[in-house]
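Here is the structure we will look at.
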Amino acid sequence: MALVLDTDLADIQTYVQGTPNHLFAQLRRECPVYWNERVDGGPGMWCITKYADIAAIGRDPKRFTSTRGVNITRIPEEMAEVYAQSLLIFMDAPRHTRLRGLVNSTFTPKRAVAMQPLIRKYTSRAIDAVIGAGECDLFHVAASPPIATICALLGVPDEDHGRVLDWTNRTFGQEDPEYAAGPDDTAAAFSEVFGYALQLAADRRQDPRDDLMSELAHAEIDGEPITDMELSYLFFLFLTAGNDTTRTLILNAVNILLATGVWDELGADVSLIPNAVEEVLRLEPSVRGMGRTAIEDVTVRDVTIKAGDHLYMWYCSGNRDEDVFADPDRLDPRRPNASKHQSFGGGGPHFCSGAALARTQATIVIEELLSRMSDLELAGDPVRARATQFASFKHMPVRFSPGPKIVGQT
Ligand code: HEM
């Protein structure tokens, strides 16, 4: 008989205490391609939980489309076509290939590397703001450098950082009532970001500078400028996706490194930090998974996924697949294949454009925290945001020995 869990993996309640890793371990063992029914009667989905299947599906866009949505729930039919025309992450080839080519040529690894000194400066500034107090909500320290970095890259001025945080929370954090007052509020946040993007683009067409928006505002594909919708959504994706996921990575890192005692190990040998960041990404991915829809009937293992069925690739499960990672639940900063995790996608054309930047930022922030708050400890229970797809924290009370500010020395 087919396995039936008494838990709906699309239900927000399932994630109140974090990712239910024991359920994913059961699925990998007993039913790696699992049909999940919704408690609310909504459309079900296939749950893909093995590393190899996730990698194969992510690399097979001819049979698994992104155009019907990449979230846990499928987007309504009437919106699918508009999204697929203009939203990078919901596109298939050939439009995706062309727009992604543009992203790859503007948002280059060289640009990410060049940001390193600035990232360190933004991190020092964020730590300076709290170091004298000996306690803080680490959320603000983790949120600030990714916002400052992406704003500097895009050309968004410093005085708008607060608005960027607000937009991020009301769109990415839309499932949490502390962040968004409901669907209308989220829709309003989207239109505010899009309006801002078009205004910034208009400014840069008049007065180009050395930033990403100047390049996007002048970009052409096959001799045609990209559409306003493509431009606004790219801006949104960089601005919010890049900062929400990165701050989550930083908070996950502190939480898990402290809980396992690896924090002290990194303090004694900072060369382990980059690989420890990979382990955090593996064990606690900021994005739990991504969806696709089958274009034709496809057999995965012994299960036939019918044309039109929605499926979800659970990166959090692939990352703990015993066939790929030995002793998968253990955080091992020396794990040789730690970076093989699927937290930036299982491979394929939609693989995260910001992976190098996110890795660099998390490494620098952990280095700085270890150097200036080596005795950091939790001062209360961290509070998770209510979310299914994104594993975010919204508060993390910590204490540490007070220290001096270093403004002006960086
Ligand atoms: C820890 C941080 C991050 C995580 C965990 C993350 C994760 C992901 C995932 C899972 C995808 C989809 C992969 C797929 O469907 O195969 C994605 C796509 C994307 N990410 Fe990230 N991301 C992070 C940071 C960033 C940053 C810093 C940026 C840019 C500044 C960024 C920009 C993008 C873009 C543009 C896409 C869409 C790519 C496409 O559709 O072709 N991400 N990311």
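Atoms considered below: every heavy atom in the structure, side chains included; atoms not considered: hydrogens, waters and symmetry mates. Counting convention: from 1, in listed order, for ligands and their atoms alike.
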Protein contact of atom 29 (C) of ligand 1 - nearest heavy atom, named by residue and atom, plus distance
Phe238 CD2, 3.6 Å
Ser343 N/O under 3.5 Å from ligand 1 N/O
no
Verify side chain to side chain donor-acceptor pair (under 3.5 Å) between Asn71 and Tyr312, making sure each step is shown before the conclusion.
CA-CA 8 Å; Asn71 301 335; Tyr312 201 70; over 6 Å; no
Before you tell me yes or no, could you show the steps for Trp46 and Val303 under side chain to side chain contact (heavy atoms under 4.5 Å, CB included), namely the whole-Å CA-CA distance, both residues' side-chain angles and the distance that decides it to 0.1 Å?
CA-CA 10 Å; Trp46 291 104; Val303 176; 3.5 Å; yes
On a heavy-atom basis, the closest approach of Pro145 and Gln361 is O-OE1, 3.7 Å
Distance from atom 40 (O) of ligand 1 to nearest protein heavy atom, with residue and atom:
His350 ND1, 2.7 Å
Please state whether the rings of His350 and His96 are parallel, tilted or perpendicular, taking 30° and 60° as the class boundaries.
tilted
Any atoms of ligand 1 less than 4.0 Å from a non-hydrogen atom of Ile150? List them with their elements.
30 (C)
Quick one: does any side-chain atom of Asp137 pair with a main-chain N or O of Met396 as donor and acceptor, under 3.5 Å?
yes
Out of all atoms in ligand 1, which are within 4.0 Å of some heavy atom of Leu237? Include the element for each.
34 (C), 35 (C), 37 (C)
Identify which of Met290, Arg59, Met313, Arg111 has a heavy atom lying nearest to atom 11 (C) of ligand 1.
Met290
Protein N/O/S neighbour count - atom 21 (Fe) of ligand 1, strictly under 2.8 Å:
1
Give the numbers and elements of all ligand 1 atoms closer than 4.0 Å to a heavy atom of Tyr315.
10 (C), 14 (C), 15 (O), 16 (O)
Do Tyr83 and Met91 have side chains that get closer than 4.5 Å, going by heavy atoms?
no
With backbone taken as N, CA, C and O and side chain as the heavy atoms from C-beta onward, which portion of Leu249 lies under 4.0 Å from ligand 1: side chain, backbone, both, or neither?
side chain
Using a strict threshold of under 4.0 Å (side-chain N to carboxylate O), is an ion pair present between Arg38 and Asp11?
no
Identity and distance of the protein heavy atom lying nearest atom 38 (C) of ligand 1
Arg100 NH1, 3.2 Å
At what distance is the nearest protein heavy atom to atom 15 (O) of ligand 1, and which residue and atom is it?
Arg292 NH2, 3.1 Å
Aromatic rings Tyr51 and Phe325: how do their planes relate, parallel, tilted or perpendicular, breaks at 30° and 60°?
perpendicular
Proximal atoms of ligand 1 relative to Pro349 (non-hydrogen, under 4.0 Å)
41 (O)
With no hydrogens and no angle check, is any side-chain donor or acceptor of Asp8 less than 3.5 Å from a backbone partner on Asn36?
no
Within 4.0 Å of some non-hydrogen atom of Leu88, the atoms of ligand 1 are 37 (C), 38 (C), 39 (C), 40 (O), 41 (O)
Parallel, tilted or perpendicular: rings of Phe194 and Phe190 (30°, 60°)
perpendicular
Geometry only, no angles: is His96 polar-contacting ligand 1 at N/O separations under 3.5 Å?
yes
On the 0 to 90° scale, with breaks at 30° and 60°, tag the His395-Phe139 ring pair as parallel, tilted or perpendicular.
tilted
Strictly below 4.0 Å, N to O, side chains only: are Glu77 and Arg68 in salt-bridge contact?
yes
Does Ile89 have a non-hydrogen atom less than 4.0 Å from ligand 1?
yes
I'd like to know whether CD of Glu377 has more than 12 heavy-atom contacts from other residues, nucleotides or ligands below 6.0 angstrom.
yes
